[in-house]
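Reviewing the structure listed below.
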Amino acid sequence: MMDSLLHMIFAGLAIGIIVSAPMGPVGILCIQRTLNKGRLAGLFTGIGASASDIFYCLLTGFGLSFIEGFINANQEIIQLVGSVVLIGFGIYLFKKNPTKDLQKPTTAITSIKKDILTGFLFTFSNPLILFLIIGLFARFNFMNADYRFYHYITGFLFIFIGANLWWYVVTYFVDKVRAHFNLRSMWLINRIIGSVILLFALVGIIKSFTELIP
């Protein structure tokens, strides 16, 4: 039981961080607000994005639970397909330049609710994140017929913690180096995250093949 809980904690943290890490529009918005309005504004924007991420994770989880029998019977194949999806996403992220989406900063809004809401809506407006989540769920074996309700509560809780941990680190870093921060460095961040996703995917493919081949 403890091993299963530890797996869900690790998987939840990894999924939460990887889902949040790519520097798309919401990442740019979070960094802009940190630079223009202070760290709390950027952090609350990230919290809003995390709320949207956990919504899509719950949607994915409940959707997959309806076909858990199929998932359990084809676990290795699903993990292999999920890893291939992650490879495609990792390559896309590695090549993408997030500064192309950069917009000029707008007038500062001091409302915490508006910071959270805009962070939520920026992320919610991109339902393609579902494909990334499905790939991550498959790669980390997040949906398992042997798991109980408390396993999933733990897993989803740590997805949310992982996502917010990412935004906490990002806003802390940006706030500390605000005098020297260059938005083009987000391209480098995307390349690093893309490489990490590719590494996870390759490990998943190797693991899948070793389990499929007797």
Side-chain angles (χ1 to χ4, degrees), residues 5 7-64 85-86 89-90 93 96 98 101 103 108-140 142-143 150-176 183 186 189-190 192-194 196-197 200:
L5 282 175
H7 170 78
M8 292 301 277
I9 290 172
F10 168 77
L13 285 173
I15 291 170
I17 291 172
I18 293 175
V19 166
S20 299
M23 282 295 155
V26 71
I28 294 173
L29 179 66
C30 180
I31 289 174
Q32 282 184 332
R33 284 185 172 169
T34 302
L35 293 173
N36 296 337
K37 299 166 54 180
R39 187 186 174 198
L40 282 180
L43 182 59
F44 283 122
T45 302
I47 290 173
S50 300
S52 181
D53 288 336
I54 195 65
F55 172 81
Y56 277 125
C57 286
L58 287 168
L59 187 65
T60 302
F62 283 120
L64 292 178
V85 170
L86 291 186
F89 184 80
L93 193 60
K96 180 177 173 61
D101 299 324
Q103 298 177 355
I109 301 174
T110 56
S111 170
I112 292 175
K113 291 181 180 179
K114 287 185 178 179
D115 288 335
I116 294 175
L117 181 61
T118 50
F120 179 89
L121 292 177
F122 259 64
T123 307
F124 186 77
S125 63
N126 180 26
L128 292 178
I129 197 174
L130 282 169
F131 292 100
L132 173 60
I133 293 171
I134 290 171
L136 288 170
F137 275 20
R139 168 61 188 87
F140 288 100
F142 192 81
M143 304 301 296
Y150 57 84
H151 287 107
Y152 292 117
I153 291 293
T154 302
F156 285 117
L157 174 63
F158 275 89
I159 288 176
F160 189 67
I161 291 174
N164 282 301
L165 179 63
W166 171 258
W167 294 118
Y168 181 89
V169 171
V170 166
T171 54
Y172 177 84
F173 173 75
V174 172
D175 187 58
K176 289 297 181 182
L183 286 173
M186 290 189 294
I189 293 174
N190 266 8
I192 294 172
I193 298 301
V196 171
I197 291 175
F200 273 119

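If you read the sequence from its start, that first residue is 1, and numbering goes on from there. The basis for the numbers below is simple: all heavy atoms, side chains too, and nothing from hydrogens, waters or symmetry mates.
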List the atom of Thr123, the atom of Ala49, and the distance in Å for their closest heavy-atom pair. OG1-CB, 3.2 Å

Residues passing the side chain to side chain donor-acceptor pair (under 3.5 Å) test with Thr34, sequence neighbours excluded, are none

Pick from Val19, Leu132, Ile133: which one makes a side-chain contact (heavy atoms from CB on, under 4.5 Å) with Tyr56? Ile133

In this structure, CZ of Phe131 is separated from OG1 of Thr60 (nearest 0.5 Å) by 10.0 Å

Do the side chains of Leu5 and Tyr150 get nearer than 4.5 Å, heavy atoms only? yes

Partner set under ring-ring contact (aromatic ring centres under 6.0 Å, His included) for Phe142, not counting sequence neighbours: Phe137, Phe156

Distance col, row Phe158:CZ vs Ile15:CD1, nearest 0.5 angstrom, shows 13.0 Å

Report the C-alpha distance between Met8 and Tyr152 in whole Å, list the side-chain angles of each, state the deciding distance to 0.1 Å, and finish with yes or no for side chain to side chain contact (heavy atoms under 4.5 Å, CB included). CA-CA 8 Å; Met8 292 301 277; Tyr152 292 117; 3.9 Å; yes

Under the side-chain contact (heavy atoms from CB on, under 4.5 Å) test, which residues partner Phe10, sequence neighbours left out? Phe140

To the closest 0.5 Å, what do you measure between CD1 (Ile54) and CG (Leu59)? 11.5 Å

Nearest-0.5 Å distance, CD1 of residue Ile129 to CG of residue Leu136: 9.0 Å

Residues at least two apart in sequence or cross-chain that pass side chain to side chain donor-acceptor pair (under 3.5 Å) with Ser50, listed by chain then number, are Asn164

Considering all heavy atoms, the nearest Ile159-Cys57 contact: CG2-SG, 3.9 Å

Neighbour count above 12 (heavy atom, 6.0 Å) for Phe160 CZ: yes

Short side-chain donor-acceptor distance under 3.5 Å, Asp53 and Ser20: yes

Can you list everything that forms a ring-ring contact (aromatic ring centres under 6.0 Å, His included) with Phe120? Sequence neighbours excluded, please. Phe124

Nearest-0.5 Å distance that lies between atom CD1 in Ile9 and atom NE2 in His151: 10.0 Å

Can you tell me if Arg39 uses its side chain to pair, donor with acceptor, with the backbone of Phe173 under 3.5 Å? no

Rounded at 0.5 Å granularity, tell me how far OG1 in Thr118 sits from CZ in Phe44. 12.0 Å

